[in-house]
Amino acid sequence: MPGYKVQVDTSKCIGCAQCYVACPNKVFAIINKKSVPVNPDACVGCRACIVKCPTNAITIVPRDIYAHYARFYKST
Amino acid sequence: MVPRSYKTDLWIDWCPGCGNFGILTAVVKAFEELGLDPSKTVIVSGIGCSSKIPHFVNVNGVHTIHGRAIAFATGIKLANPELTVVVHGGDGDLLGIGAGHFVTLGRRNLDIVVIMHNNGVYGLTKGQASPTLPMGVKTKALVKPNIQQALNPIALAISAGYTFVARGYAFDSEHLKNLIKMAIEHKGAAFIDVLQPCVTFNDVFTAEYYRKRVYKLDEQPEWNPVAEKPEERVEKMIKAIEKSFEWGERIPIGIFYIDKTQSTLEERYSQRIPLYPSIHPAKSNITRDVDKPLIDNNMFEKIFKEYIVDVEHI
């Protein structure tokens with residue numbers, strides 16, 4: 001499977017729901033004012049959430065073949 | 001069989017949130033589940049954002065000139081009928097400059113899958129209105145609302161003679177994957193119109209817009225798009241065309257029309273040239289004993305001696 005793994009750093013997340021709005025596949029849900037990737041298999045790796053996140057809390061871990069591009073999957 | 005990876009290690013440079021990511025995921029999943037041999041599969045594309053897809057899928061790929069993807073694919077498929085040929089293109093690519101080739105493939109009914117990434121704008125060139133943008137709609141990059149009418153790709157494909165016509169939605173990967181699998185297994189020209197949001201230039205047809213409106217035809221109990229007998233064809237075609245004009249509050253996705261009565265171009269050729277499918281250009285020998293041409297000068301003169309005339313050298 002063309003897997004991507006979405007990780008949210010809960011210490012950085014402020015629950016602004018920008019990722020919930022931006023994600024075209026509804027991977028995220030806001031639970032207790034924190035973003036949680038409840039539907040991780042639906043991630044297609046489009047990076048919309050990373051671009052929107054104001055606190056750089058989201059990381060997408062791509063498969064090994066993309067390891068040399070890992071810096072693009074983190075917000076900076 | 002060991003599941004293989006169909007993704008290349010290239011950086012995917014579409015905009016964050018682009019619908020092409022969903023389509024790429026669906027294509028890769030469909031290839032994985034069908035277990036296609038990468039050396040026997042070809043992806044042909046034209047020009048546009050969507051047409052970068054051959055670089056990201058690890059099968060044979062040809063990135064051709066604007067609008068001519070179907071023309072290239074026709075040549076590839078006829079030269080080597082053993083290949084699985086998938087054409088990717090945008091709406092501007094296939095229905096704008098490539099409309100002639102699009103209609104011709106329907107008339108020929110060659111066994112090719114055409115996947116159209118339909119986002120309503122020319123995203124690569126800053127968002128001009130494309131053939132599928134409805135009249136009166138004003139997207140971000142247009143100064144005034146669109147002055148031209150929209151073309152209905154489903155109705156065009158059915159009337160052109162495509163024998164498998166469907167519509168998918170880019171971010172319903174599971175549904176789209178099943179459509180692609182069925183299209184590849186179908187014998188004859190297959191066309192999938194994929195609704196795709198453009199996050200950068202199309203602020204009207206967004207992911208939110210489509211998610212609220214799309215519904216699946218397969219879940220409708222009375223919907224049966226398959227024409228098994230020649231006398232059913234016209235009735236099913238008219239029903240499918242009527243359905244394809246449903247747009248607005250509810251947008252149908254799924255299979256619109258399947259025709260099992262038409263012969264493919266390979267079958268038509270094999271009636272005319274009995275040797276064709278078994279001996280095709282890709283399989284024919286072009287040398288004798290490794291390094292000698294099949295027809296050398298002496299043999300050429302022997303074959304054509306009646307037609308060769310000596311002329312005086314001046």
Side-chain angles (χ1 to χ4, degrees), chain A residues 1-9 12-30 35-76, chain B residues 2-33 35 49-50 53 55-58 119 168-177 180 194-200 202-203 205-212 214:
Chain A
M1 297 296 274
Y4 294 93
K5 199 173 158 205
V6 187
Q7 291 176 344
V8 180
D9 186 345
K12 286 184 184 170
C13 180
I14 54 170
C16 68
Q18 292 262 22
C19 51
Y20 173 78
V21 175
C23 180
N25 247 1
K26 291 284 165 271
V27 169
F28 299 96
I30 308 298
S35 170
V36 181
V38 286
N39 192 9
D41 292 341
C43 179
V44 295
C46 74
R47 315 189 307 282
C49 50
I50 290 179
V51 175
K52 289 280 179 186
C53 183
T55 58
N56 307 340
I58 301 173
T59 311
I60 297 179
V61 184
R63 274 195 332 201
D64 302 346
I65 55 165
Y66 289 124
H68 54 299
Y69 289 120
R71 64 199 163 95
F72 292 113
Y73 285 103
K74 275 186 239 155
S75 45
T76 46
Chain B
V2 187
R4 57 172 93 228
S5 159
Y6 288 88
K7 277 204 161 181
T8 61
D9 59 354
L10 276 177
W11 171 243
I12 303 173
D13 57 353
W14 291 316
C15 309
C18 180
N20 285 325
F21 283 98
I23 302 172
L24 176 65
T25 308
V27 169
V28 169
K29 270 189 204 164
F31 283 11
E32 274 177 3
E33 289 187 13
C49 291
S50 53
I53 211 162
H55 302 273
F56 308 138
V57 186
N58 202 3
N119 61 1
Y169 169 51
F171 286 118
D172 198 338
S173 295
E174 193 62 26
H175 181 248
L176 182 58
K177 178 202 77 189
I180 294 171
V194 186
L195 303 173
Q196 174 212 350
C198 175
V199 279
T200 309
N202 197 337
D203 51 353
F205 301 121
T206 56
E208 200 60 36
Y209 177 94
Y210 283 130
R211 191 180 313 110
K212 279 182 194 152
V214 292

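Sequence lines set the chain letters: A, B, ... in the order given, protein chains first and strands last, and positions in each chain run from 1. As a basis for the values below, the full set of heavy atoms in this structure was taken, side chains included, without hydrogen atoms, waters or symmetry mates.
- At most 12 non-hydrogen atoms from other residues, nucleotides or ligands lie less than 6.0 angstrom from OH of A/Tyr20.
- Residue A/Cys49 does not touch chain B at all, counting heavy-atom pairs closer than 4.5 Å.
- In terms of heavy-atom pairs under 4.5 Å with chain A, the best-connected choice from B/Gly22, B/Pro197, B/Ala207, B/Ala26 is B/Gly22.
- When heavy atoms are compared at a cutoff of 4.5 Å, B/Glu208 approaches chain A solely by way of its side chain, counted from C-beta outward.
- Every residue two or more places apart in sequence or in another chain was checked for a salt bridge (charged side-chain N to carboxylate O under 4.0 Å, His left out) with A/Lys52, and none qualifies.
- Side-chain contact between A/Arg47 and B/Phe21 is present, with heavy atoms from C-beta onward closer than 4.5 Å.
- In this structure, B/Phe171 and A/Asn25 approach most closely via the heavy-atom pair O-OD1, 2.7 Å.
- When the candidates A/Pro24, A/Ala48, A/Cys23 are compared by the number of heavy-atom contacts under 4.5 Å with chain B, A/Pro24 comes out ahead.
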